[in-house]
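For reference, the structure discussed in these notes is given below.
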Amino acid sequence: LLARAGVASRREVERMIADKRIAIDGKTVETPATLLESLRGVTVDGKPVAKPEPTRLFAFHKPTGLITAEHDPRGRPTIYDALRNALPKDAPRVMPIGRLDFNTEGLLLLTNDGDWSRQLSQPENQVRKHYRVTLEKPLADDYVTAFAEGMWFEYEGITTRPAALKIRSPFEADVWLCEGRYHQIKRMFHAVGNQVVSLHRESMGAIQLDPALAPGQYRALTATEIASVDQASTSS
Ligand code: URA
C-alpha cells in the first residue's frame with residue numbers, strides 16, 4: 001500500500017520498516033507482513049502519509065422527528081440515520097454545528113472541520129441564527145424588549161445575550177440569536193408566558209436554507225457560501 005501510494009519502492013519500504021521508521025497510530029511497524037487497509041494514521045519518520053481530508057461543509061434541511069446526536073438513549077431516530085442514506089459511504093465523518101431540537105426543523109450545518117464548527121458556534125463570533133416561530137398565544141409588543149434585554153436562565157446562571165424579535169403576525173415571529181442555549185427559544189417564550197408550537201431555522205450567519213432542499217435533503221455548501229461565512233465571522 002505504501003509503495004502504491006508513491007512513498008518509496010517496495011524494497012525501500014521494506015528497509016524503512018526494518019529501520020523502524022514507519023508507524024501506525026503511533027505504534028512502530030515491526031514487519032512488512034502488517035495488514036494495512038488505508039493510509040490513515042500511518043506516519044513515516046513521524047510525518048503523516050495520507051493527505052488531510054479536505055474540509056467539508058454541508059447544509060442539511062433537518063426535518064422534525066430526528067435527534068441531533070449520534071445516539072439517543074430513548075432510541076429515537078438521529079440525523080445520522082437520515083444522513084447514512086443520503087451521504088456516500090466513503091464520505092468523511094461530519095458533525096453538526098450546534099443542535100436543533102427533536103421537533104425543530106430547518107437549516108443544520110455539518111462539517112468535518114473542528115475550526116469551522118467553533119467559528120460558527122461560539123457566541124463571541126456573533127453568528128446570527130434566524131428562526132421562524134409559531135406560538136400558542138398571541139404575541140405581545142413587550143416581548144421585543146424582553147428578548148433584547150436578555151433573560152435570566154436560572155439553571156445555567158447566565159443572562160441570555162441580546163436577541164432580536166420581530167412580530168410578523170399575531171402568532172408568528174422572527175427571532176435572531178447569537179448563541180444556542182439548551183431549548184433557548186422555547187425557554188424564552190415560556191418566560192414571557194407563551195409556548196412555541198413550531199420552530200424553523202431559516203439561516204446561520206450568511207447561509208440561508210436553500211428553498212430547493214426538501215426536509216431530509218442536504219447539499220455541499222458552495223465556495224461562495226463558504227467565503228461569505230468566513231467574511232461575516234472575521235469582520236464581526
Ligand atoms: N431554540 C430552541 O428552543 N430549540 C431549537 O431547536 C433551537 C433554538
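Note that ligands are numbered from 1 as they come in the structure, with each ligand's atoms numbered from 1 the same way.
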TODO: Specify the protein heavy atom at minimum distance from atom 4 (N) of ligand 1: its residue, its atom name, and the distance to 0.1 Å.
DONE: Asp101 OD2, 2.7 Å

Open item on the list: Can you classify the ring geometry of His130 versus Trp176 as parallel (below 30°), tilted (30 to 60°) or perpendicular (above 60°)?
Closed with: parallel

Task: N or O pair under 3.5 Å between Lys186 and ligand 1 - done: yes

Task: Lys62 (side chain) donor-acceptor with Phe102 (main chain) under 3.5 angstrom - done: yes

- [ ] Identify the protein heavy atom lying closest to atom 3 (O) of ligand 1, giving its residue, its atom name and the separation to 0.1 Å.
- [x] His183 C, 3.0 Å

Task: Pairing of Arg219 and Glu225 as salt bridge, 4.0 angstrom limit - done: yes

Task: Winner among Tyr131, Phe189, Phe102 once heavy atoms are compared against atom 8 (C) of ligand 1 - done: Tyr131

Open item on the list: With a heavy-atom distance limit of 4.0 Å, tell me whether Leu199 approaches ligand 1 through its side chain, its backbone, both, or neither.
Closed with: side chain

Task: Closest approach of any protein heavy atom to atom 1 (N) of ligand 1, naming residue and atom - done: Ile185 N, 3.1 Å

- [ ] Would you mind running through ligand 1 and noting each atom that sits below 4.0 Å from a heavy atom of Thr104?
- [x] 4 (N), 5 (C), 6 (O)

- [ ] Indicate yes or no for a side-chain donor-acceptor contact from Asn125 to the backbone of Leu120 under 3.5 Å, with no hydrogens or angles considered.
- [x] no

Task: Ring centres under 6.0 angstrom apart (His200, His61) - done: yes

Open item on the list: Strictly below 4.0 Å, N to O, side chains only: are Lys129 and Glu202 in salt-bridge contact?
Closed with: no

